[in-house]
Every structure is written in structure tokens, then in C-alpha cells.
There are 2 protein chains.
Amino acid sequence: MSAAIDLAVSTVIFALRPDAAGHLVLSIPLVRRTRDPFEGRWALPGGAADAAESLADTAARKLAETTGLSPAYLEQLYCFGEPDRSPSGRVVSVVYWALVRTDEAELAAEGENVAWFEADELPQLAFDHNLIVGYALWRLRTKLEYSRIAHAFLGPTFTLAELRQVHEIVLQKPLDPANFRRQIEASRAVVPTGQHVTGGRHRPPRLYRYDASVQLVDNGPLTSAGIR
Amino acid sequence: MSAAIDLAVSTVIFALRPDAAGHLVLSIPLVRRTRDPFEGRWALPGGAADAAESLADTAARKLAETTGLSPAYLEQLYCFGEPDRSPSGRVVSVVYWALVRTDEAELAAEGENVAWFEADELPQLAFDHNLIVGYALWRLRTKLEYSRIAHAFLGPTFTLAELRQVHEIVLQKPLDPANFRRQIEASRAVVPTGQHVTGGRHRPPRLYRYDASVQLVDNGPLTSAGIR
DNA sequence: GCAAAAGTGTTGTGTCTACACCCATGG
DNA sequence: CCATGGGTGTAGACACAACACTTTTGC
């Protein structure tokens, strides 16, 4: 009948999770589609936009409903609206991307229709979701280098070695510890708590926390989003 | 009846136009609203999304319908969807930003309900359009520094002085001609045509053209958009 | 020749990279 | 004392800003 456009909200959720060998890997949770189109295929979590809710709130709610997680960082990625991206009719998807803390991701709901995949080894997904994840990966890697969002993968306090490990896993390259330290210190993104971590067979590293008073993340025109 | 969401497409159009004193100024065309809400206020050109058309095509079409212009550069800016941004109901706007060549902008339709404004001296606009323009301005200025989009304001060939003038007007600061030249040459964004411009009371400058074989603009996940 | 802008050269300054080296802990 | 990673110092490479200087035109 009418040539209506469906408006949907989806989210690319990133977390660092241990793989079979126990190494942390950049991973994303996907949901299996239970109806046409693309029944049986894996897809990004999401759903129809809600008229009473902001788009970011819808993204966060869908994220919580499917995975039980709450994002440490949430930002709009892009609005996908090519006419042919869904065989079932015109669907415009506002896509967000989110970062989830590693310790939270451990608790994530997983089941027959919700599973985690390594971000760089995805199966063929429903719709244009492979394209979307590829773009989200590019944004994450680009933004990690000029912005300070890596701490969103970690807890409230962390060592510089942990923060560096996040960068190394996401960017897939080793980083010089000495230069990494200076770079982070120069950005004033973190402040030392004064505490140290004991127990390692080496000099006890300092603990740092994120300095929220320094604005290092441009999070689009709506500054209320972002760090939650 | 139903709590439907209206999907709209709007565009922030940038061009360099001469002001009263004859100096080029960064300007944008606006349309006057002829009905509620915000009747009489100026607003971004746009309209309802079309089910048969891509969002970028809708943006370009609306742009042409209201101003008679065609964009040299077009990129999605952001999707604005706060629940309270329109008093008449829920409207989600996919906003694009466009660059128009200076010589084309001269021919733009102007009338009682379409007028050009200096980008930094706008009246109070309808909806959240002041916020949107502010964000588009930030994006334009940021992207101009790390990407090579300035030539979209110019014709197919141009001198480095003209290209530098574009940068100076948009960024609102003078640039060293010597360093600007080296920076542009190092980016390989332009190639000399071999021709020169005569007629000035000085050494005739070389003409350059944009080198389309060098990808210097990241234009989102859909590479088909962008330079047109 | 003179003014004006095109175009080239040069020098200092700050930033990034690679890597040597010392520090503090557990065993 | 030794292995391990935390943390500091430093020299070379590189990029960039400032500015002196030469080139080529119109008048």
C-alpha cells in the first residue's frame, strides 16, 4: 500500500574477550535472525525505532535487552539508507557503536541466538551488516589513535600496561611502552591514583584513572551522549 | 493515530559568496518556513525522505529544487533524532552537508523565501538547525585541515593562491603561501596542468587540477558518494 | 625600474621513534 | 642474584613554522 520507510536502530558492540587460547580478542555480539529476510543468518542487535525515545536510548535499550550489557561508550556511527539494503522493503537504519568493559562482557548473555564473534573473522551477515561492521572497525581504530576512548574497555582504574594492551589488541600492532607512556601522559587523559598494583614478579605499576575533566572525545553534536 | 516517526532529509550547503564589500564569505542558503511549526523562521532546505530514493539522492534533489544548485561534494553529517526537536511530533532528520562551487553559487535562485546568510552570523533558525549548522561548520573546518576538499569550492582548474584563499576564508586565518604550497604538493592532491594564468601584475601562476586518482577524502562507508 | 605576487631556500623548534638503561619486586 | 616488566633518558629522523630571498610579470 503506502511506500512507507521503516526506521530501525542497530548497534555494533565491541568488547575484548578471551579466545580459545585465552588471549583477549576484539569481539562483537551478534543475534541470529529468526524470521525472513535472512532467517538463520547472524545480524547486529537492534530493532525498530521508538517514537518516545531518543535514538541513543533505543540503541542502549536494545543492547541491554539482547546481551544484558550496558555500554561504557556509545556514539552514532552512520545512518544507512540505501533503497535496496533490505529485500523486505525500505529500511533506514541509524547505527550506533558501543564499547563494553571486559569484565562486563564476561557476564553477557549468550545462547542459541546470541553469540560472540571475533571482529575480524565474521561470517556472512544479514543485510549490509558486514559493511557496517567494517566501517565501525575503521572508526574505532581511527578514533583510538587521536582520541582517548580505550579506557572504556577497562574498569575505573587501570595500569598503563593494561591501557597499552587495549591499544595493541585493537590496532593489532605492538607499541613501545616508553613512548606509549609519554603519549598518554602528554594527553592528560589519565591521572595517577597514587596506588600501585602488587603481586607481579616485577616493579609494582601505578594505577591510573580516567580524567573526566579533560574533554578528549568529540562525540558528535550532542555532547550528552558518549561516556556513560 | 499511530506514534509514527517522520523521516526527513536536510542539507547544510556551503559556498563562498561575495559580501557587501565584495569579499568572499562562507555562506549557506536557507529557506523560509511557510507553515507551522516555526512559520516565518529560516530553516535548512530539506523535506520528507522518499521511499524510492537513496538518502544522498534525496539530499541532492532537495538541494537542486530549492536553490537550483548541484553539489560538488556531498557527505552525510549526522542523524538528528531527539524526541523533542520538533513541536509538531517526532521527526528524525538525516542531515547532509554539501559544498558548491563559487561560480555556481552566483547563479543560485534567490527570492523571498530563499536567501543566503553568512555561516557565522545566522539568525535564530527553526528547530535545532542552529545546532546542526554549528556542527557542520566544525566538521567542514576540521576536515579541511586533514583532507583535501577545498577544491570542491573551485572549478576544475585553479591556482594555488585560489586554493589557499579558500582555506583562509573557511579557517578564518592567514596561511603562509610558501608552507601552504609545500603542504599541498606533499599531499599529491593536485597536479600542475602546465598552463599559466596571465594578466595579473605579477609572475603568472601555474594552473593546477585536482588529482582524482589519489583518495584523500574518507567519505563514510559508501564510497560512491562524495565527489560528484 | 617598481610593485606585486609566484615560487624557492634555509634555519630553528617541536614531535615522534627507536633503543639504551636504571628501578623495584617475587622467587 | 636473576628474571620480569615498570619507568626514565636520549640521540636521530622528521615535520612544520617563520622568514629571507629570487623570479616574472604589468605598468
Side-chain angles (χ1 to χ4, degrees), chain A residues 22-24 141-148 150-151 154-155 157-169 171-209 211 214 216, chain B residues 22-24 141-148 150-151 154-155 157-209 214 216:
Chain A
H23 300 296
L24 288 176
R141 286 176 173 142
T142 305
K143 197 146 192 173
L144 194 69
E145 295 198 288
Y146 73 86
S147 196
R148 305 293 168 207
H151 65 89
L154 302 169
T157 62
F158 45 84
T159 67
L160 282 190
E162 290 169 336
L163 191 65
R164 178 166 49 87
Q165 192 195 14
V166 171
H167 278 81
E168 288 179 336
I169 292 169
L171 300 179
Q172 296 179 303
K173 66 178 178 188
L175 299 172
D176 185 304
N179 296 334
F180 182 79
R181 162 179 301 276
R182 273 184 291 252
Q183 205 177 307
I184 295 294
E185 279 173 348
S187 77
R188 325 265 266 124
V190 299
V191 286
T193 62
Q195 294 178 297
H196 293 256
V197 178
T198 54
R201 296 180 46 177
H202 50 75
R203 179 170 169 176
R206 292 177 228 181
L207 266 180
Y208 290 82
R209 63 176 174 75
D211 185 356
V214 185
L216 287 151
Chain B
H23 301 296
L24 288 176
R141 287 177 173 141
T142 305
K143 197 148 193 171
L144 195 69
E145 294 198 289
Y146 74 86
S147 195
R148 304 294 168 207
H151 64 91
L154 301 169
T157 61
F158 45 85
T159 67
L160 283 190
E162 290 169 336
L163 191 65
R164 176 165 50 86
Q165 191 193 17
V166 171
H167 278 81
E168 288 179 335
I169 292 169
V170 173
L171 300 179
Q172 295 179 303
K173 64 178 180 190
L175 298 172
D176 185 304
N179 296 332
F180 182 80
R181 162 179 301 277
R182 273 183 291 251
Q183 207 176 307
I184 295 295
E185 280 173 347
S187 77
R188 326 266 265 123
V190 299
V191 286
T193 61
Q195 295 179 296
H196 293 257
V197 178
T198 53
R201 296 180 45 180
H202 51 77
R203 179 170 169 176
R206 292 176 225 177
L207 265 181
Y208 291 81
R209 62 174 175 77
V214 184
L216 287 151

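Note on naming: letters A, B, ... go to the chains in the order of the sequence lines (proteins, then strands), and numbering restarts at 1 for each one. Basis for what follows: all heavy atoms, side chains included, without hydrogens, waters or symmetry-related copies.
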Taking every heavy atom of A:Tyr208 against every heavy atom of A:Thr193, the minimum-distance pair comes out as C-CG2, 3.9 Å
Separation of C:dT15 atom P from A:Phe180 atom CZ, nearest Å, is 19 Å
Rounded to whole Å, CG of B:Leu171 lies from P of D:dA17 at a distance of 12 Å
d(B:Ile169 CD1, B:Leu144 CG) to nearest 0.5 Å is 11.0 Å
Closest non-hydrogen atoms of B:His196 and B:Pro204, given as atom of the first, atom of the second and distance, are ND1-O, 3.3 Å
Applied to residues 172-184 of chain B, the salt bridge (Lys or Arg N to Asp or Glu O under 4.0 Å) test, sequence neighbours excluded, yields B:Glu145-B:Lys173, B:Arg181-B:Glu185
In terms of heavy-atom contacts, A:Ala189 and A:Arg148 come closest through CB-CG, 3.5 Å
Here the distance between atom C1' of C:dT8 and atom CD of B:Gln183, to the nearest Å, is 17 Å
Between CG of B:Leu207 and P of C:dA6 the distance, given in whole Å, is 12 Å
Contact string for nucleotides 5-13 of chain D, one letter per nucleotide 5' to 3', B = base within protein heavy-atom range under 4.0 Å, S = sugar-phosphate only, - = neither, reads BBSBBB---
Hits for salt bridge (charged side-chain N to carboxylate O under 4.0 Å, His left out) against B:Arg141, two or more places apart or cross-chain, chain-then-number order -> B:Asp120
Separation of C:dA24 atom P from A:Gln195 atom CD, nearest Å, is 19 Å
